[in-house]
Amino acid sequence: MYICPSIQIIMAKELPTRAEDYSQWYVDLVKKADLAENSDVRGCMVIKPYGYAIWEKMQQGLDKMFKDTGHVNAYFPLFVPKSMFEAEEKNAEGFAKECAIVTHYRLKNDPANPGKLMVDPEAKLEEELVVRPTSEAIIWNTYKKWIQSHRDLPILINQWANVVRWEMRTRLFLRTAEFLWQEGHTAHATSAEAVAETRQMLDVYAEFAETFMAMPVIKGRKSEGEKFPGAIDTYCIEAMMQDGKALQAGTSHFLGQNFAKAFNVQYTGKDGKLEYVWGTSWGVSTRLIGGLIMAHSDDDGLVLPPKLAPIHVVIVPIFKNEEELTKVSAAVDPIVKDLRKLGLSVKFDNRETHKPGFKFAEYEMKGVPVRIAIGPRDLEQGTVEVARRDTKEKKVMQVAEVATRIPALLDEIQQNLYNRALKFREEKTTRVDSYEEFKKVLDDKAGFVLAHWDGTAETEALIKEETKATIRCIPLDAAEENGVCVRTGKPSTRRVLFARAY
RNA sequence: CGGGGUGUAGCACAGCCCGGCUAGUGCGCUACGUUCGGGACGUAGAGGUCGGAGGUUCGAAUCCUCUCACCCCGACCA
């Protein structure tokens, strides 16, 4: 087939639309917005500076919230001896299929292939090391040494780390073999205190998702089948993506005494009696970046909420020659200073190697919330052109009012993104009372489906097999409501949230 | 691990079925000039062990054998 060169150029620069091919749109967007790329290491991605900057913003926001709730950061080893890993059986079993294992500690020159290396068979480890898929084992093994008395409790620790889960199929940010996350691990004297911690951190995640990411979430409890192996209860926040699929954005686990018993972590209470410690763990990962992208972005590229945008305002000068650039720059400098004084991240893109139109498209692709253009005509009139990324709206502003109006505009964008996403989620949430309707909604409309379920793992598995939809969660705010299970007709007392999920 | 596919310039690909001379196109890159308020254009240039090894042949990107890597679809998953 002959393809007109001009069409090839357009195709090289633009994204497929979300309607055409949602997953291709996502992959292309991640690459063109310069967030990340596939590495030459199977299943592992390179997070590029712009993508990492978003992660740093997320870390800053979350870290402050963790500190404000009394947590401190620490770091535990990447490697976990196999025997330690398997101490909590359910947890170990749950992850066994996706663990990377270190078996040797040395390479040597390969006599059969000069210049090549081989694993030195002499250097086999006495005990294999598991590359952590999560750190409960090593951490509880350590807590055992730290805890003797109720006075040692609670322990409220978080760690920022990488973990490895050997996934079959990977997608940038959403699922990779290695990913970055934070994992909180706390130890408490009472069950009630641990439950409260679990719920508190769930609230922290929900607040972060909503106020920083502008992404509304539903808080809930996981079903038995979906919960973290090794936990008594798993709570989660679930978000809705623009293609109607659900994304688990964060989890918080009440571990009961499972890990304390597995690692023999006991404390002496005020009454002198020995008791096992109660635990929690909770985490969010770089997957949040995938959620952020799919929650807000459009066919022209990334759309970032101001609170997580590495660049709040980009200023694009318009000029024909060096003399004009000098004049424009002189007008831009005080604007940059004023905005930076307000704590905003401002980029003045004065490259002479690219045309303004190119820059406009580039920053739209990268989701910079506000763009200011300023050229010779503005200089005469003391104005600038301000464009907002979320609505594409442009308006002319007096230079004098920039410093007061831009912060307000950023707040407005943040709020607008949240409102828009919330409205979308509400439209994509459907209550159904029959299995026919259940399947029809999933196929035709997608999104969240609120339906009655008889509470059994068998029915849950059956529905998953028949429809590919899973129980995302049992919403915490679900009202008591008598009904019958949409699949089996058995009695149910509340609706649960179903969806096809990432 | 089953089923399918792809490896040719930094990127995207054509050429392969039907072997032929110096391996092409677009983007990108370098230089110069003209442009510059929504992804500019012209001219000149640089860039290749055709994934790897072996074989058939006067001659291999092209045919054969082996091998490696990656991608897609299934079973599993934050």
Side-chain angles (χ1 to χ4, degrees), chain A residues 1-15 23-24 27-28 31-32 37-43 94-99 113 133-134 163-171 173-183 205 222 225-229 234 236-239 246-253 281-291 300-301 316-322 324-325 328 351-365 371-381 383-385 387 392 394 396 464-465 468 470 472 501-502:
Chain A
M1 184 176 68
Y2 174 75
I3 297 172
C4 164
S6 62
I7 290 174
Q8 285 184 327
I9 293 164
I10 290 163
M11 287 173 64
K13 295 193 171 174
E14 289 187 347
L15 295 170
S23 57
Q24 194 60 45
V27 172
D28 285 6
K31 289 178 181 167
K32 287 179 180 168
E37 63 190 34
N38 286 307
S39 71
D40 288 340
V41 184
R42 199 204 85 101
F95 285 109
K97 292 187 296 290
E98 45 191 311
C99 285
N113 286 299
T134 180
V163 286
V164 170
R165 297 181 187 174
W166 213 261
E167 299 290 350
M168 304 282 184
R169 292 190 59 194
T170 60
R171 299 189 69 189
F173 290 118
L174 296 175
R175 173 163 297 112
T176 47
E178 180 191 12
F179 58 94
L180 304 182
W181 78 345
Q182 60 67 217
E183 45 182 328
Y205 287 156
K222 284 292 188 192
E226 293 279 329
K227 73 169 200 197
F228 177 68
T234 290
C236 63
I237 53 172
E238 292 285 329
L247 183 82
Q248 176 177 306
T251 48
S252 184
H253 315 287
S281 68
W282 27 275
V284 296
S285 72
T286 37
R287 178 178 236 206
L288 286 180
I289 297 175
D300 293 316
V316 177
I318 290 150
F319 57 95
K320 281 197 182 64
N321 49 47
E322 199 137 335
E324 275 187 7
L325 176 59
V328 171
R351 285 176 300 174
E352 297 177 56
T353 48
H354 296 271
K355 292 181 62 179
F358 179 91
K359 294 177 185 173
F360 291 174
E362 183 180 7
Y363 293 109
E364 275 163 17
M365 185 63 78
R371 179 187 76 227
I372 296 177
I374 174 164
R377 290 211 295 272
D378 293 303
L379 294 183
E380 286 168 21
Q381 293 161 30
T383 58
V384 296
E385 182 197 77
K392 297 290 186 60
K394 288 191 245 190
V396 174
K464 181 177 178 183
E465 198 187 315
K468 301 228 190 270
T470 50
R472 301 319 304 155
Y502 277 99

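Order of the sequence lines fixes the chain letters, A, B, ..., with proteins taken first and strands second; residue numbering starts at 1 for each chain. Reckoned from all heavy atoms, side chains included, excluding hydrogens, waters and symmetry mates. Not measured: the values here are computed from a predicted model.
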Q. Tell me, for nucleotides 68-73 of chain B in 5' to 3' order, what letter each nucleotide earns: B for a base near a protein heavy atom under 4.0 Å, S for only sugar-phosphate near one, - for neither?
A. --S--S

Under a 4.5 Å cut-off applied to non-hydrogen side-chain atoms, are [X] and [Y] in contact?
X	Y	result
A:Y502	A:R287	yes
A:Q248	A:I237	no
A:E178	A:V41	no

What is the separation between atom [atom1] on [X] and atom [atom2] on [N], rounded to the nearest whole Å?
X	N	atom1	atom2	result
A:E324	B:C36	CD	P	10 Å
A:K227	B:A78	NZ	P	14 Å
A:H354	B:G37	NE2	P	15 Å
A:E364	B:G38	CD	C1'	8 Å
A:L247	B:C77	CG	P	16 Å
A:K468	B:C77	NZ	P	13 Å
A:N321	B:G37	CG	P	13 Å
A:L325	B:G37	CG	P	14 Å

Q. Side chains of A:H253 and A:S281: do they bring a donor and an acceptor to under 3.5 Å?
A. no

If we ignore hydrogens and angles and just use 3.5 Å, is the side chain of [X] paired with the main-chain N or O of [Y] as donor and acceptor?
X	Y	result
A:T286	A:F173	no
A:Y205	A:G283	yes
A:K359	A:R351	yes
A:K222	A:R472	yes

Of the listed nucleotides [options], the one nearest the side chain of [X]:
X	options	value
A:M365	B:G38, B:G39, B:G37	B:G39
A:A373	B:A78, B:G39, B:G37	B:G37
A:R165	B:A78, B:C77, B:C36	B:A78
A:Q248	B:C36, B:G38, B:A78	B:A78
A:K355	B:A78, B:A40, B:G38	B:A40
A:E98	B:C36, B:C77, B:G38	B:C77
A:F360	B:G38, B:C36, B:G37	B:G38
A:K97	B:G39, B:C76, B:A75	B:C76
A:K464	B:G37, B:G38, B:C77	B:C77

Pick base, sugar-phosphate or nothing for [X], based on heavy-atom distances below 4.0 Å to the nucleic acid.
X	result
A:E167	base
A:K392	nothing
A:R171	nothing
A:F228	nothing
A:E352	nothing
A:P133	nothing

Q.
Holding to ring pair (Phe, Tyr, Trp, His ring centres under 6.0 Å), I want the full list of residues that pass it with A:W181, two or more places apart in sequence or in another chain.
A. A:F179

Distance check, [atom1] atoms only: [N] and [M], in whole angstrom units.
N	M	atom1	result
B:G42	B:A61	P	34 Å
B:C70	B:C16	P	29 Å
B:G47	B:G28	C1'	11 Å
B:C29	B:G10	P	15 Å
B:G20	B:U35	C1'	46 Å
B:A46	B:C58	C1'	35 Å
B:A23	B:A31	C1'	26 Å
B:C13	B:G59	C1'	27 Å

Q.
Nearest 0.5 angstrom please: A:E238 CD to A:L247 CG, how far?
A. 7.5 Å

Q.
To check you understand the geometry: which heavy-atom pair defines the closest contact between A:E167 and A:T176, and what is its length?
A. CG-O, 4.2 Å

Q. Closest approach of A:M365 and A:K32, non-hydrogen atoms and distance?
A. CG-O, 3.6 Å

Q. Quick one: does NZ or CZ of A:R165 land under 6.0 Å from the six-membered ring centre of A:F95, within 45 degrees of the ring axis?
A. no

Q | Given RNA chain B, 5'-ward residue of the pair A:E178 and A:D300, judged by closest heavy atom | A | A:D300

Q: On RNA chain B, check which nucleotide each of A:L379 and A:T286 is closest to and give me the residue with the more 5' one.
A: A:L379

Q) Would A:F179 pass as stacked on B:A78, i.e. its ring centre under 5.5 Å from the base's six-membered ring centre and planes under 30° apart? A) yes

(Q) Tell me if the side-chain of A:K394 makes a donor-acceptor pair with the base of B:G38, cut-off 3.5 Å, by modelled atom types. (A) yes

Q. Do the side chain of A:E385 and the base of B:G37 come within less than 3.5 angstrom through a donor-acceptor pair of N or O atoms?
A. no

Q: Grab the stems for RNA chain B, please: at least three consecutive Watson-Crick or wobble pairs, both distances below 3.5 Å, written as range with range.
A: B:1-7 with B:68-74, B:10-13 with B:24-27, B:29-34 with B:40-45, B:51-55 with B:63-67

